[in-house]
Protein chains: 2
Amino acid sequence: MASENLTERQPDQTLGQLAYDSIRSDILKGHFAPGSPLRLQALKERYGFSFSPLREALNRLQSEQLVVSYAARGFRVTEISLEEMWDAIDTRILIDCEAFRRSIRRGDDDWEGRVMGAFHALSRAFERNLELGAEVTEDQVHQLEDRHRAFHHALVSESGSNWMKVFSTQLYNQTQRYRWPYFSTRGGNVFLKKSYLAEHREIAERAVARDEEAAVALMAKGFRRTGEIIESLLKGEDETDRGT
Amino acid sequence: MASENLTERQPDQTLGQLAYDSIRSDILKGHFAPGSPLRLQALKERYGFSFSPLREALNRLQSEQLVVSYAARGFRVTEISLEEMWDAIDTRILIDCEAFRRSIRRGDDDWEGRVMGAFHALSRAFERNLELGAEVTEDQVHQLEDRHRAFHHALVSESGSNWMKVFSTQLYNQTQRYRWPYFSTRGGNVFLKKSYLAEHREIAERAVARDEEAAVALMAKGFRRTGEIIESLLKGEDETDRGT
DNA sequence: TTCGCCCATTCTTTCGAAAATCTGCGCTTT
DNA sequence: AAAGCGCAGATTTTCGAAAGAATGGGCGAA
């Protein structure tokens with residue numbers, strides 16, 4: 001059964017886990033649009049798993065609010081809305097800023113190194129995307145997203161709180177769905193992207209300088225600003241986009 | 001298939017949902033002890049569902065950190081530890097106090113009514129348990145737990161944040177696992193229980209008086225105190241328990 | 001004796017199909 | 001024409017069994 005997958009499977013990796021990773025990734029990448037139904041037959045054809053591991057994955061995603069289920073009527077990708085976005089951002093400010101604060105207090109040299117390393121990788125990915133402009137491939141956008149995730153993860157990684165880590169990850173995933181128009185080619189412009197990178201540099205610098213208040217304030221400000229930019233983009237008010 | 005359950009099933013209630021509710025409840029009630037394995041065959045015999053809905057339930061519980069899964073070696077109830085408890089309590093202070101603060105600001109008369117109503121029901125359940133002393137039945141302990149949950153839910157119910165509600169519920173469930181020795185007959189004593197009720201009364205009164213700072217401070221203090229009491233109970237330092 | 005290997009057993013994971021449920025269309029009735 | 005009914009097709013949910021992994025005990029080699 002499913003023996004053809006044996007070689008591809010990592011040890012300790014079940015099909016259910018694989019399905020979970022795949023579907024989540026596809027939702028975050030926007031392959032499955034918010035609100036769209038996730039039909040089992042379609043998922044089976046896309047991934048090659050049978051219903052059981054797919055349903056397990058969908059149930060996990062349901063608990064993480066990436067998917068909603070309707071009894072006997074299947075699953076859908078959770079809708080997005082400005083209201084939802086601001087709720088996620090506000091809650092993320094609450095969680096991530098506290099976890100960041102604790103990391104600044106508790107983190108050792110190794111943590112500083114991870115933060116600066118993650119920032120370096122992020123800035124490289126940023127530069128590459130900037131240089132390429134509209135020529136950027138989808139893979140490169142996703143790599144930038146991964147670097148961005150790794151950077152934010154590093155910032156809060158020494159909070160010492162497992163629960164904050166869990167919630168932080170969940171909220172990151174949620175807000176990533178909204179960042180899509182921002183990171184995509186169409187969305188951002190050079191000026192915005194450069195200031196975005198500068199913000200992140202400042203955060204990293206304040207963090208390793210152990211300037212708790214400034215670092216946390218910058219993080220909160222960054223989250224809010226991102227929200228405002230996305231709000232203007234989603235509303236079709238692309239005035240800020242002229243510099244492109 | 002499973003036609004014998006038709007009458008018992010609520011509309012829009014699948015077996016998977018039922019299994020989820022049942023297993024979660026049994027974990028929270030302590031029927032499945034922390035760290036104990038959740039074998040599918042045993043669950044099947046206990047609830048009468050086949051593997052599929054049971055696995056769906058376990059996968060959801062895994063996302064909520066009530067269960068951990070080990071690839072190809074099944075599921076276990078998440079372990080408890082003092083460290084984990086304090087993490088949950090600290091994070092709960094962060095989330096619930098913020099949600100409480102917002103509810104105090106935003107809540108209308110109806111909210112005040114729900115808070116006072118929930119407190120009233122809580123105090124009645126408390127009194128009943130106090131009167132019965134060691135004679136209290138398990139069901140009554142569970143009813144007290146339900147009232148307690150309803151009260152705390154009411155306090156934060158007008159935060160306007162869906163994410164805080166989700167996290168608050170999750171953390172409530174987690175901390176409930178630790179409150180078990182506290183609410184159980186053996187654990188608490190009359191003096192402790194009375195002061196516990198008095199704390200909750202104060203919180204409710206400060207809430208409806210819209211005394212934001214006092215109310216939030218009391219809530220945080222209550223969470224911490226509960227943690228300390230449980231810590232002393234778990235460590236076997238039952239000195240505080242003499243008044244019984 | 002001790003270590004490592006193999007096999008039987010137990011348990012999890014996955015599959016394919018049956019049962020239950022939902023959806024939409026066309027029919028009838030008012 | 002509008003509302004109600006019922007059936008056919010599509011979809012989800014559930015089951016039972018097969019396949020795949022882990023566990024533990026017994027056997028043989030060092």
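As a basis for the values below, the full set of heavy atoms in this structure was taken, side chains included, without hydrogen atoms, waters or symmetry mates. Order of the sequence lines fixes the chain letters, A, B, ..., with proteins taken first and strands second; residue numbering starts at 1 for each chain. Fair warning: this is a prediction, and the values are worked out from it, not measured in the lab.
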With a 4.0 Å cut-off on N to O distance, would you call [X] and [Y] a salt bridge?
| X | Y | result |
| --- | --- | --- |
| B:K29 | B:E138 | no |
| B:K235 | B:E231 | yes |
| A:R102 | A:E98 | yes |

B:V77 versus B:P34, closest heavy-atom pair with distance: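 Smallest interatomic distance, heavy atoms only, reads CG1-CA, 3.7 Å.
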Could you report the tightest heavy-atom contact between B:L61 and B:I27, atom names first, then the distance?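 Between these two residues, the closest heavy atoms are CD1-CD1, 4.4 Å.
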Among B:F100, B:F119, B:F223, whose ring pair (Phe, Tyr, Trp, His ring centres under 6.0 Å) with B:H152 holds?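 Among B:F100, B:F119, B:F223, the one that satisfies the ring pair (Phe, Tyr, Trp, His ring centres under 6.0 Å) with B:H152 is B:F223.
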Carefully, step by step, assess B:R179 and B:E145 under the rule salt bridge (charged side-chain N to carboxylate O under 4.0 Å, His left out). CA-CA 9 Å; B:R179 267 193 307 277; B:E145 248 298 339; 3.3 Å; yes
Should A:R39 be listed as having a side-chain N or O under 4.0 Å from OP1 or OP2 of D:dA10?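 A:R39 to D:dA10 OP1/OP2: no side-chain N or O under 4.0 Å.
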Could you check how far [atom1] of [X] sits from [atom2] of [N], rounded to whole Å?
| X | N | atom1 | atom2 | result |
| --- | --- | --- | --- | --- |
| B:R76 | D:dA22 | CZ | C1' | 13 Å |
| A:Y20 | C:dT13 | OH | P | 16 Å |
| B:E45 | D:dG16 | CD | P | 13 Å |
| A:Q13 | D:dG20 | CD | P | 18 Å |
| A:L43 | C:dT14 | CG | C1' | 16 Å |
| B:L15 | C:dT21 | CG | P | 9 Å |

Could you pick out which residue, B:L40 or A:A72, lies toward the 5' side of DNA chain C when each is mapped onto its nearest nucleotide?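 It is B:L40 whose nearest nucleotide is closer to the 5' end.
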Considering heavy-atom distances to DNA chain C, does A:S50 or A:A71 have its closest nucleotide positioned more toward the 5' end?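 Its nearest nucleotide lies further toward 5', so the answer is A:S50.
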Surrounding CZ of B:R124 (heavy atoms of other residues, nucleotides or ligands, distance under 6.0 Å), is the total greater than 12?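 At most 12 heavy atoms, drawn from other residues, nucleotides or ligands, come within 6.0 Å of this atom.
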Pairwise N/O distances under 3.5 Å, protein to nucleotides 6-10 of chain C:
none

The criterion is side-chain hydrogen bond (donor to acceptor under 3.5 Å, both in side chains); which residues satisfy it with B:Y47, sequence neighbours excluded?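 Per chain and number, B:Y47 pairs via side-chain hydrogen bond (donor to acceptor under 3.5 Å, both in side chains) with B:D26.
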Please determine, for the side chain of A:R73, which listed nucleotide (D:dT13, C:dT23, C:dC15) has the closest atom?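 The answer is C:dT23, which lies nearest to the side chain.
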Could you please name the option among D:dT13, C:dC15, D:dG16 that lies closest to any side-chain atom of B:K44?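 Looking only at side-chain atoms, B:K44 lies closest to D:dG16.
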Does any residue of residues 51-70 of chain B have a heavy atom under 4.0 Å from DNA chain D, and if so, which ones, in number order?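 Nucleic-acid contacts, sorted: B:F51, B:S52, B:P53.
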